[in-house]
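Working notes for the structure below.
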Amino acid sequence: MFDWITDLIERTGYFGIFVLTFLENVFPPVPSELIMPLAGYKAAEGSLSLPLVIAAGTAGSLAGASVWFYAGLKLGHQRVRRLAERHGRWLTMSPDDVERATAWFERHGGPAVLIGRLIPAIRSVISLPAGIARMPLPGFLALSAIGTGLWTTLLVCAGYLLESQHAVVADYLNPVSNAVFAGMALWYIWRVAQFKTSDRT
């Protein structure tokens with residue numbers, strides 16, 4: 001998995017990073033916790049620019065978050081909840097997730113968007129209540145960009161700093177990245193299998 005992702009990033013460059021992080025926010029095929037450190041790793045090798053890697057990852061995540069923001073804005077709370085009830089198993093989003101994110105947003109308001117972008121469990125979902133509450137778009141984008149930029153920078157710099165230990169890192173991250181990807185796949189399968197009994201109301 002380490003080699004596959006690094007080769008993909010090397011072939012597709014910044015556009016590939018943008019697409020991967022966009023998809024990770026809309027429907028998480030590969031987590032950013034795996035994508036962005038490996039992008040930073042490639043930047044340290046000299047094949048990519050560190051600032052542009054951060055910019056591409058941040059832009060992709062922000063675009064993905066905007067999809068959920070507009071979904072909340074256009075659909076409203078009840079229809080978003082019904083969407084989660086009907087299709088949440090495939091979106092890995094249950095009605096309970098919607099309610100938790102909504103409660104979090106109601107307690108903290110705009111700063112919830114900033115803080116939420118730094119928390120993996122609610123990074124994407126927090127955009128929904130912001131849209132439902134009709135949060136002004138400039139404020140949403142600004143707070144999301146700050147939170148996403150901080151998270152992306154942290155992950156990219158971690159990968160960048162690991163490049164000096166190339167052989168050790170490659171040997172270590174190959175099995176670790178395979179395990180992370182397998183774990184995400186198993187988690188997704190479990191969510192799909194358990195959705196009716198645990199999440200439907």
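All heavy atoms count here, side chains included; hydrogens, waters and symmetry mates do not.
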Can you give each donor-acceptor pair under 3.5 Å made by side-chain atoms of residues 69-79, sequence neighbours left out, with the distance rounded to 0.1 Å?
| unit_1 | atom_1 | unit_2 | atom_2 | d |
| --- | --- | --- | --- | --- |
| H77 | NE2 | E99 | OE2 | 3.2 |
| R79 | NE | L75 | O | 3.0 |
| R79 | NH2 | K74 | O | 3.1 |

Beyond-backbone contact of [X] with [Y], side-chain heavy atoms, under 4.5 angstrom:
| X | Y | value |
| --- | --- | --- |
| I17 | L48 | yes |
| W68 | N25 | no |
| L150 | L154 | no |

Indicate the atoms forming the closest heavy-atom contact of [X] with [Y], along with that distance.
| X | Y | value |
| --- | --- | --- |
| V53 | A39 | CG1-CB, 3.6 Å |
| Y14 | L52 | CE2-CB, 3.4 Å |
| A43 | S49 | CB-C, 4.3 Å |
| F105 | A112 | CA-CB, 3.9 Å |

Give me the one residue out of I35, L20, L38 that meets side-chain contact (heavy atoms from CB on, under 4.5 Å) with L8.
L20
Which residue in the set I146, L141, L143 passes side-chain contact (heavy atoms from CB on, under 4.5 Å) when paired with V113?
L143
Might you work through the side chain to side chain donor-acceptor pair (under 3.5 Å) test for T148 and R117, ending with a clear yes or no?
CA-CA 6 Å; T148 297; R117 296 300 298 170; 2.9 Å; yes
Nearest 0.5 Å, please: how far is [atom2] in [Y] from [atom1] in [X]?
| X | Y | atom1 | atom2 | answer |
| --- | --- | --- | --- | --- |
| F140 | I126 | CZ | CD1 | 9.0 Å |
| R11 | S47 | CZ | OG | 13.0 Å |
| I54 | T153 | CD1 | OG1 | 4.0 Å |

